[in-house]
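Just so it is clear, the model here is predicted, and its values are computed rather than measured. So that the names make sense, note that chain A is the first sequence line, chain B the second, and so on, each numbered from 1.
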Amino acid sequence: MPELPEVESFKRYFDKTSLHQKIKKVRLSAPDMLFYTQEKDVLDNLEGNIFVETRRHGKFFFALLKKNGALLLHFGMTGKFLYYTPDKKSHRSFALLVEFENGNCLAFQDSRRLGMIGWVRDVDEFIQRQGYGADALKISEKDFVAVVHKRKTAIKTVLMNQRVVAGVGNEFSDEILFQARIHPESTANVLTAAQLKTIYGHMKTILKEAVKQNADRDKLRQYFFLENRRADLKCPEGCRGFTEFKTIGGRSAYFCPSCQKRYA
DNA sequence: CTGCGTGTTGCACA
DNA sequence: GTGTGCAACACGCA
């Protein structure tokens, strides 16, 4: 599920549990998840070191080390943290395990292994080198309109393109466009500046609210397309339309063809 | 038992 | 460089 709000919630969990403790031992059980990184770069740079602060850019999480660079994690579709005190009876699965000197462990778990693990010398340099766009919660309205307006593909695809804006995933893109009443297949560059500002406003509002609620889905029920990802449902806007499913840009899209207008 | 997906990369090709 | 579409990763779920 992880989109920007979930990653922010994972960041809080990490901040609460894993800062300022000396790292004793690191185990990597999923070397296939390494992202532009050698296994020894992760192990050697973490062991004996201390996490001092964390950062998030879009869906990427970084834990900055006291001495050298930062641990990079991406949660893919099923990634999560589990901080625990080990006992001899049960052992937990992990892709990456950080054992602290105080005896507790932080497991980065990812059953589907679609996440990423890495080490970067410099976070900003990494983001720039990879070409990721500004974070969805930090980008200015002006910059948002400018970068989105250049694109000649479906607005949904543009919102989800991490190299345009970082942090919006499939589910939130559907919800944002539903609230903006714009059809997800509308071509980005034919939308007016006013329409893009509307999209920007909804993007900010929804993401902020989801972050405030700690990405707790039970508290985000009011968002129709986060909650209902099915076709043929009655549109809650009372437009008498029914939800539709379509693959857009290779991703599953849900929308109301009746109240979301399509432009070009 | 089959098919699908909340994410991303990397490739071939227009 | 921009955009499209696919396969790949592995697993839970309907």
Next on the checklist: Please report whether the ring centroid of A:Phe14 lies less than 6.0 Å from that of A:Phe61.
Outcome noted: yes

Just how far, in rounded Å, is [atom2] of [N] from [atom1] of [X]?
X: A:Asp32; N: B:dT8; atom1: CG; atom2: C1'; result: 14 Å
X: A:Gln109; N: C:dG12; atom1: CD; atom2: P; result: 12 Å
X: A:Met33; N: B:dG7; atom1: CE; atom2: C1'; result: 12 Å
X: A:Phe172; N: B:dT6; atom1: CZ; atom2: P; result: 13 Å
X: A:Phe35; N: B:dG7; atom1: CZ; atom2: P; result: 15 Å
X: A:Leu159; N: B:dG7; atom1: CG; atom2: C1'; result: 16 Å
X: A:Ile117; N: C:dC9; atom1: CD1; atom2: P; result: 17 Å
X: A:Leu114; N: C:dA8; atom1: CG; atom2: P; result: 14 Å

Next on the checklist: So A:Phe60, base contact, sugar-phosphate only, or nothing? Heavy-atom distance under 4.0 Å.
Outcome noted: nothing

Next on the checklist: Just to be sure I understand the rule, does A:Phe75 reach a base, reach only the sugar-phosphate, or reach nothing, if contact means heavy atoms closer than 4.0 Å?
Outcome noted: nothing

Next on the checklist: Under the rule for ring-ring contact (aromatic ring centres under 6.0 Å, His included), what residues qualify as partners of A:His183, not counting sequence neighbours?
Outcome noted: A:Phe255

Checklist entry - Taking only residues two or more places apart in sequence or in another chain, which ones pass ring-ring contact (aromatic ring centres under 6.0 Å, His included) with A:Phe172? => result none

Checklist entry - Taking only residues at least two apart or on different chains, which pairs with a member in residues 188-219 of chain A satisfy ring pair (Phe, Tyr, Trp, His ring centres under 6.0 Å)? => result A:Phe144-A:Tyr200

Next on the checklist: According to ring pair (Phe, Tyr, Trp, His ring centres under 6.0 Å), does anything in residues 89-121 of chain A pair up with another residue at least two apart or in another chain? List the pairs.
Outcome noted: A:Phe75-A:Phe108

Checklist entry - Got a sec? Which of residues 118-143 of chain A come in under 4.0 Å of DNA chain C, heavy atoms? => result none

Item to check | Watson-Crick and G-U pairing of DNA chain B, under 3.5 Å, as dot-bracket with | and [ ] | outcome: .||||.||||||||

Item to check | Under 3.5 Å donor-acceptor, A:Asn228 side chain and A:Phe224 backbone | outcome: yes

Going by atom types only, do [X] and [Y] share a side-chain donor-acceptor pair under 3.5 Å?
X: A:Arg12; Y: A:Asn214; value: yes
X: A:Tyr83; Y: A:Asn104; value: yes
X: A:Tyr223; Y: A:Gln179; value: no

Look at [X] and [N] and indicate whether a side-chain polar atom (N or O) is within less than 4.0 Å of OP1 or OP2.
X: A:Gln162; N: B:dT8; value: yes
X: A:His74; N: B:dT8; value: yes
X: A:Arg163; N: B:dG7; value: no

Item to check | Connected hydrophobic set around A:Phe242, excluding itself, where side chains approach under 4.5 Å | outcome: none

Checklist entry - Other than A:Tyr132, what residues sit in its cluster of Ile, Leu, Val, Met, Phe, Trp and Tyr side chains whose heavy atoms are under 4.5 Å apart, directly or through others? => result A:Phe35, A:Tyr36, A:Ile50, A:Val52, A:Phe60, A:Phe62, A:Leu64, A:Leu72, A:Met116, A:Val120, A:Val123, A:Phe126, A:Ile127

Under 3.5 Å, which donor-acceptor pairs do the side chains of residues 245-253 of chain A form with other protein atoms, sequence neighbours left out?
residue	atom	partner	partner atom	Å
A:Lys246	NZ	A:Glu185	OE1	2.8
A:Lys246	NZ	A:Glu185	OE2	3.3
A:Ser252	OG	A:Asn170	ND2	3.3

Pairs under 3.5 Å (N/O, protein and nucleotides 2-5 of chain B):
residue	atom	partner	partner atom	Å
B:dG5	N2	A:Arg112	NH1	2.9
B:dG5	N3	A:Arg112	NH1	2.9

Checklist entry - When you look at CD of A:Gln128, are more than 12 heavy atoms from neighbouring residues, nucleotides or ligands closer to it than 6.0 Å? => result no

Item to check | Charged N-O contact under 4.0 Å between A:Asp143 and A:Lys138 | outcome: no

Next on the checklist: Please give the distance between the C1' atoms of B:dC1 and C:dC9 as a whole number of Å.
Outcome noted: 22 Å

Nucleotide N/O to protein N/O under 3.5 Å, stretch nucleotides 3-6 of chain C:
residue	atom	partner	partner atom	Å
C:dG3	OP1	A:Lys152	N	2.6
C:dG3	OP2	A:Arg151	NH1	2.6
C:dT4	OP1	A:Thr153	OG1	2.9
C:dT4	OP2	A:Thr153	OG1	2.7

Checklist outcome for this item: Residues at least two apart in sequence or cross-chain that pass side-chain hydrogen bond (donor to acceptor under 3.5 Å, both in side chains) with A:Glu47, listed by chain then number, are none

Item to check | Per A:Met116 side chain, nearest of listed nucleotides B:dT6, B:dG7, B:dT8 | outcome: B:dT8

